[in-house]
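Chain naming here is simple, since letters A, B, ... match the order of the sequence lines and numbering starts at 1 in each. Values reported hereafter were calculated over all heavy atoms of this structure, with side chains retained and with hydrogens, waters and symmetry mates removed. Worth saying up front: this structure is predicted, and the values here are computed from it rather than measured.
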Amino acid sequence: MLQVNYIRENREKVLERLGARNFKQTEIIDQIIQLDEERKQSQTSLDNLSAIANSSAKQIGELMRTGNKEAADKLKAETTSNKEAIKSYGEQLAALEEKLFSLIVQVPNIPNELVKPGVGAEDNEEVYLHGEPAQLGEHALPHWELAAKYDIIDFELGVKITGAGFPVYKGKGAKLQRALINFFLDHATAQGYREMQVPHMVNEASGFGTGQLPDKEGQMYHAGVDNLYLIPTAEVPVTNLYRDVILKEDELPVKNTAYTPCFRREAGSYGAHVRGLNRLHQFDKVEVVQIVHPEKSYQVLEEMSSYVQSLLQELGLHYRVLRLCGGDMGFTSAMTYDMEVWSAAQQRWLEVSSVSNFETYQANRLKLRFKGNTGKTQLAHTLNGSALALPRIVASILENYQTDKGIKIPEALVKYTGFEYID
RNA sequence: GGAGAGAUGCCUGAGUGGCCGAAAGGAACAGUUUGCUAAACUGUCGUACUGGCAACGGUACCGAGGGUUCGAAUCCCUCUCUCUCCGCCA
């Protein structure tokens, strides 16, 4: 959520940059500025009346103590009308604040200057390309056929026990999953991230803190009885660890990592491109999260991007890095890099990571601040990235590393799997 | 699921109607002292909105929301959460 003061002081820039997102309801911005002005006036009036009431109450107390009951009663009578005014201003103020809040949560984050205007995926910028497409033979298979051929992932079995999009990993398939999780966590730890294990369900306040609620309500599984949400990403619990926290400047940067399963309803996204591991309702992911000083956040974004790329390089995958255009970025992000690996058999790119700087957008919702060495308290910047999401990595490994002898496990992963081939 | 207790500042914890934005201790920070470590002493030490160049003010906040009262951390109601015991159970 943006800060009202920022909007007020940078109206033109806000409108211009939101334009890069194709954000159309620009009148909201002026309504916010207007409402905030009214809010201030209302607040001031209320404060002044409260000050009078407080001082009257003190005087009455004093009069009572000194036994001057008559004067006390007189003053009491005078406070009655003031009381009503206070109540009325209080209600007015609450209504204004509620309205203001309902508007401000509708405004997405302001894209960074580097983010190009655009409406969708076709406007994203490719900023880096690594490697070459794997050259596969005549009989190359897509990963879902390889999964069936080697009996390592069973989609039908998942359908039976749960439903579509909940695969069962079997034998070496299951071991490959576990190997990747350990590989990713070990690398994150080596980069200075602290490994955390967090709940896989979160409450409403957490959902709001990172921006999933109220916006993407329908994308999360919700356990109605207890009003808890299954996490769509570890970002939610891991970032919310710092909700309502004021850190010391020396404690920055905070670097945490966690492996969790992720649950997404993916409502309305069925079709040709959801086959196999391409899009699931439950998948595994290792996430990295940082809380940093505002002046460092873009440098850290680049570091996180490089880190994610180093993982892809170690796995020997052909990938590209996109800087998302305004229209394709998430609601809460100021700048996002997507990493996509090449799926040789499907002949398409698959998103495996998304690294974002949220600047103060989440921090403002979370009330995540730090106290500067100068003594001033201000909002921190939050960032996160997938490092990495498993299913499409698995898809890419299966397809790109298929040989006549079976699936060759990437060199760097062998010490984690304990085997060199899936056959 | 049954019974009970509780929610106060970074922490412990006092506070049952006005002198309480809140005692005291601890932690932290700054300084003095000091051969070093430690200790001692002094000071600072919540957040938000708002007025002011500033100094310094105003208002709100003692889990949340209502109510009583001239006045509420303190009394009343509702809700939420936490803890303890019993039961069940990985």
Rounded to the Å, how far apart are [X] [atom1] and [N] [atom2]?
X	N	atom1	atom2	result
E204(A)	rC81(B)	CD	P	11 Å
L93(A)	rC61(B)	CG	P	13 Å
Q92(A)	rC49(B)	CD	P	20 Å
I246(A)	rC45(B)	CD1	P	15 Å
N227(A)	rC79(B)	CG	C1'	14 Å
L247(A)	rU47(B)	CG	P	14 Å
N5(A)	rA48(B)	CG	P	12 Å
F101(A)	rA48(B)	CZ	C1'	16 Å

[N] and [M]: how far apart are their [atom1] atoms, nearest whole angstrom?
N	M	atom1	answer
rU82(B)	rC70(B)	P	38 Å
rU78(B)	rA27(B)	P	43 Å
rG15(B)	rG4(B)	P	25 Å
rG26(B)	rA40(B)	P	8 Å
rG58(B)	rC20(B)	P	16 Å
rG13(B)	rG87(B)	C1'	34 Å
rG9(B)	rA23(B)	P	13 Å
rU37(B)	rU12(B)	C1'	28 Å

Pairing of D73(A) and K69(A) as salt bridge, 4.0 angstrom limit: yes
Check this for me: does any side-chain nitrogen of one of K170(A) and D151(A) sit under 4.0 Å from a carboxylate oxygen of the other? yes
Applying a 4.0 Å non-hydrogen cut-off, can you work out what [X] is touching in the nucleic acid: base, sugar-phosphate, or nothing?
X	answer
L46(A)	nothing
T79(A)	sugar-phosphate
K367(A)	nothing

Among [options], which nucleotide has an atom closest to any side-chain atom of [X]?
X	options	result
K248(A)	rG71(B), rU47(B), rA28(B)	rA28(B)
K87(A)	rC70(B), rA48(B), rG67(B)	rG67(B)
R39(A)	rU47(B), rG18(B), rU50(B)	rU50(B)

Does F101(A) have any ring pair (Phe, Tyr, Trp, His ring centres under 6.0 Å) partners at least two apart in sequence or in another chain, and if so, which? F208(A)
Counting only side-chain nitrogens and oxygens, does K371(A) get under 4.0 Å of the OP1 or OP2 atom of rC10(B)? no
When you measure from the side-chain N and O atoms of K74(A) to the phosphate of rC70(B), is any distance below 4.0 Å, counting only OP1 and OP2? no
Compute whether any side-chain donor of one residue and acceptor of the other, for R275(A) and N278(A), lie under 3.5 angstrom apart. no
Residue pair Y229(A) / E217(A), side-chain donor-acceptor N/O under 3.5 Å: yes
Map every base of RNA chain B to its dot-bracket character, where paired means a Watson-Crick or G-U wobble contact with both distances under 3.5 Å and | marks a partner outside the strand. ((((((((.[[[..)..(.....]]].(((((.......))))).((((((....)))))).[[[[[..)....]]]]])))))))....
Identify the pairs formed between an N or O of the protein and an N or O of nucleotides 55-58 of chain B at a distance under 3.5 Å, and give each distance.
from	atom 1	to	atom 2	distance (Å)
rG58(B)	N2	D47(A)	OD2	3.0

Which atoms form the tightest heavy-atom contact between Y361(A) and V107(A), and what is the distance? OH-O, 2.5 Å
In V127(A), D328(A), N124(A), the residue satisfying side chain to side chain contact (heavy atoms under 4.5 Å, CB included) with L322(A) is N124(A)
For K216(A), is the NZ atom crowded, meaning more than 12 foreign heavy atoms sit under 6.0 Å from it? yes
Please tell me if the side chains of F184(A) and S386(A) come closer than 4.5 Å, counting only heavy atoms from C-beta onward. no
Can you see whether F419(A) has K172(A) sitting over its ring - NZ or CZ less than 6.0 Å from the centre and within 45° of the normal? yes
